[in-house]
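What follows is a short report on a single structure.
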Amino acid sequence: MKAVVFSKAQGPLSVEEVPDPTAPVGGVVIDVMANGVCRSDWHAWMGHDPTIALPHVPGHEMSGVISEVGADLSGWSVGDRVTIPFSCGCGVCDECNAGNTNICENEYQPGFSGWGAFAEKVALPYAATNLVRLPDGIDFTTAASLGCRFMTAFHGLTDRANAQPGEWVAVHGCGGVGLSVIQIAKALGAKVIAVDLDNDKLELASSLGADVTVNGANESPVKAIRAATYGGAHISVDALGAEVTAGNSIRCLRRRGRHIQIGLVIAEGRNLPIPMTRVISLELEIYGSHGMPARRYPELFDLITSGAVDLPAMVGKRISLQEAPAELAAMGDFTQRGVTVIEF
């Protein structure tokens with residue numbers, strides 16, 4: 001099969017012929033039909049995750065068709081249309097038994113724990129716990145654009161911060177995560193303020209439902225958010241993962257506001273300073289959001305099929321596997337508009 005491979009951090013990314021995978025016990029092989037290009041993949045290529053074994057194939061935002069079913073797996077057949085959460089649970093640990101498969105003690109992440117879906121085929125373990133059957137009305141590109149961004153935003157707003165109708169949600173960064181937060185928050189009946197440094201991205205944010213946009217290059221996001229919300233956001237999301245966005249997200253909250261950290265905080269920025277005095281004095285809450293349990297997909301699919309969210313509007317570019325190396329390497333420029341999806 002063909003796959004995008006790199007053999008050292010920040011080294012050449014090339015499309016190569018590699019051996020086809022085989023289905024593990026309890027797992028499957030999926031013929032990949034679409035896969036998102038995510039900043040997490042860029043972090044993997046940059047070497048920000050030292051646990052990744054080289055050579056490596058990235059890719060964790062996949063959809064496709066089962067082409068092989070491993071031993072000891074029932075209920076799934078060759079030809080089934082599927083997707084998976086990127087954070088796959090083992091199905092037997094305490095967290096999985098509690099329904100929290102996204103924070104499994106033995107978590108498997110395609111594109112990190114093992115080879116991913118920048119490839120024509122990908123092998124996945126723990127299939128009984130993690131495979132999600134695609135409804136007929138959801139195509140492969142739409143399913144891939146759920147990726148880690150949309151599902152993690154959904155989990156963060158609903159299961160973690162319990163967003164309510166009428167609340168103000170501030171979004172710091174209008175990439176794939178931020179645009180997902182905007183659409184989901186609006187579908188939940190919230191009001192949204194979007195912050196970015198790029199007017200084109202803010203224009204897209206507005207078209208997807210943002211009530212107010214703030215260009216952080218021209219004005220203080222914290223002051224602008226507090227003014228627009230008459231005291232601060234109820235919920236604020238760092239959708240980028242940087243000291244400035246995390247700090248602004250916490251500082252723009254009103255009393256008893258909730259901060260959600262979705263943007264990855266890694267490498268030299270791993271240990272962010274937190275304005276803890278403000279957290280204490282205003283009784284703020286800080287949440288992490290990491291993926292989403294597979295059991296939550298039906299509600300997510302309902303948002304799509306009902307028209308409450310418009311995932312195709314988030315897809316900024318559709319590319320081939322041959323174009324994926326250049327697209328991935330360019331993510332460090334922060335110029336992508338919307339979500340890029342590899343289509344096979």
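Only this structure's heavy atoms are used, side chains among them; waters, hydrogens and symmetry mates stay out. Residue indices begin at 1 and follow the sequence shown. Source: prediction; values computed, not measured.
In the hydrophobic clustering of ILVMFWY residues, with side-chain heavy atoms under 4.5 Å counting as a link, Phe344 and Val15 come out together. Residues Leu134 and Tyr297 are members of one and the same hydrophobic cluster, defined by side-chain heavy-atom contacts under 4.5 angstrom among Ile, Leu, Val, Met, Phe, Trp and Tyr. Residues Ile250 and Leu264 do not share a hydrophobic cluster, clusters being chains of Ile/Leu/Val/Met/Phe/Trp/Tyr side chains in contact below 4.5 Å. When the side chains of ILVMFWY residues are joined at heavy-atom separations under 4.5 Å, either directly or via intervening members, Met292 and Val169 end up in a single hydrophobic cluster. Both Val69 and Met62 are members of a single hydrophobic cluster when ILVMFWY side chains are connected at heavy-atom separations under 4.5 Å.
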Distance-only criterion, 3.5 Å: show the donor-acceptor pairs between side-chain atoms of residues 6-14 and protein atoms not counting sequence neighbours.
{"unit_1": "Gln10", "atom_1": "NE2", "unit_2": "Met46", "atom_2": "O", "d": "3.2"}
{"unit_1": "Ser14", "atom_1": "OG", "unit_2": "Glu16", "atom_2": "OE2", "d": "2.7"}

Please set out all donor-acceptor pairs under 3.5 angstrom arising from side-chain atoms of residues 17-27, sequence neighbours excluded.
{"unit_1": "Glu17", "atom_1": "OE2", "unit_2": "Lys2", "atom_2": "NZ", "d": "3.1"}
{"unit_1": "Asp20", "atom_1": "OD1", "unit_2": "Met1", "atom_2": "N", "d": "2.9"}

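For the salt bridge (Lys or Arg N to Asp or Glu O under 4.0 Å) test, residues two or more places apart in sequence or in another chain that qualify with Glu167 are Arg258. Residues satisfying the salt bridge (Lys or Arg N to Asp or Glu O under 4.0 Å) criterion with Arg278, sequence neighbours excluded, are absent altogether.
Side chains of Val82 and Val28 form no contact here, defined as non-hydrogen atoms less than 4.5 Å apart. Side-chain atoms of Val132 and Ile84, non-hydrogen and from C-beta on, never get closer than 4.5 Å to each other. Within the 4.5 Å cutoff, side-chain heavy atoms of Asp80 are placed close to those of Arg133. Taking the side chain as every heavy atom from C-beta outward, Val37 and Trp42 never approach each other to under 4.5 Å. Counting only heavy atoms from C-beta outward, the side chains of Val279 and Thr277 never approach each other to under 4.5 Å. Looking at heavy atoms from C-beta onward, Cys90 lies out of side-chain contact with Thr129 at the 4.5 angstrom threshold. Annotation: side chain of Pro275 is in contact with side chain of Arg251 (closest heavy-atom distance under 4.5 Å). A 4.5 Å side-chain heavy-atom check between Ile225 and Val195 finds at least one atom pair inside the cut-off.
Around atom CG of Asp136, no more than 12 heavy atoms belonging to other residues, nucleotides or ligands sit under 6.0 Å away. Counting non-hydrogen atoms of other residues, nucleotides and ligands closer than 6.0 Å to CZ of Arg295 gives a total above 12.
Here Leu188 contributes atom CG and Gln183 contributes atom CD; the two are 11.5 Å apart, rounded to the nearest 0.5 Å. For the atom pair CD (Gln109) and SG (Cys88), the distance works out to 8.0 Å, reported to the nearest 0.5 Å. Atoms CZ and CE, on Arg39 and Met331 in that order, are 4.5 Å from each other to the nearest 0.5 Å.
Closest approach of Val57 to Ala119, counting heavy atoms only: CG1-CB, 4.2 Å. Across every non-hydrogen atom of Leu208 and Ile182, the tightest pair is O-CG2, 3.8 Å. The two residues Ile260 and Gly156 make their nearest non-hydrogen contact at CD1-O, 3.4 Å. When all heavy atoms of Tyr108 and Ala123 are compared, the pair lying nearest together is OH-O, 4.2 Å. Closest of all the heavy-atom pairs between Cys174 and Leu202 is SG-CD2, 4.2 Å. Nearest approach of Gly232 to Arg254, heavy atoms of both residues: O-NE, 2.6 Å.
Applying the ring-ring contact (aromatic ring centres under 6.0 Å, His included) rule to pairs touching residues 145-198 yields nothing, sequence neighbours excluded. Residue pairs satisfying the side-chain hydrogen bond (donor to acceptor under 3.5 Å, both in side chains) criterion with at least one member in residues 212-234, sequence neighbours excluded, are listed as follows: Asn199-Asn215.
With 3.5 Å as the limit, one finds a donor-acceptor pair spanning the side chains of Ser249 and Ser236. Side-chain contact, Ser206 with Glu203: no donor N or O sits under 3.5 Å from an acceptor N or O. For His60 and Asp41, the side-chain atoms include at least one donor-acceptor pair closer than 3.5 Å. A donor and an acceptor atom, one from each side chain of Thr141 and Glu343, are located under 3.5 Å apart.
Between Arg296 and Asp159, at least one side-chain nitrogen of the basic residue sits less than 4.0 Å from a carboxylate oxygen of the acidic one, meeting the salt-bridge criterion. The pair Lys121-Glu68 does not count as a salt bridge, with every side-chain nitrogen at least 4.0 angstrom from each carboxylate oxygen.
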- Task: Using the side-chain contact (heavy atoms from CB on, under 4.5 Å) rule, take Leu146 and Phe301 through it: C-alpha gap first, then chi angles, then the decisive distance, then the call.
- Result: CA-CA 10 Å; Leu146 288 173; Phe301 289 150; 3.8 Å; yes

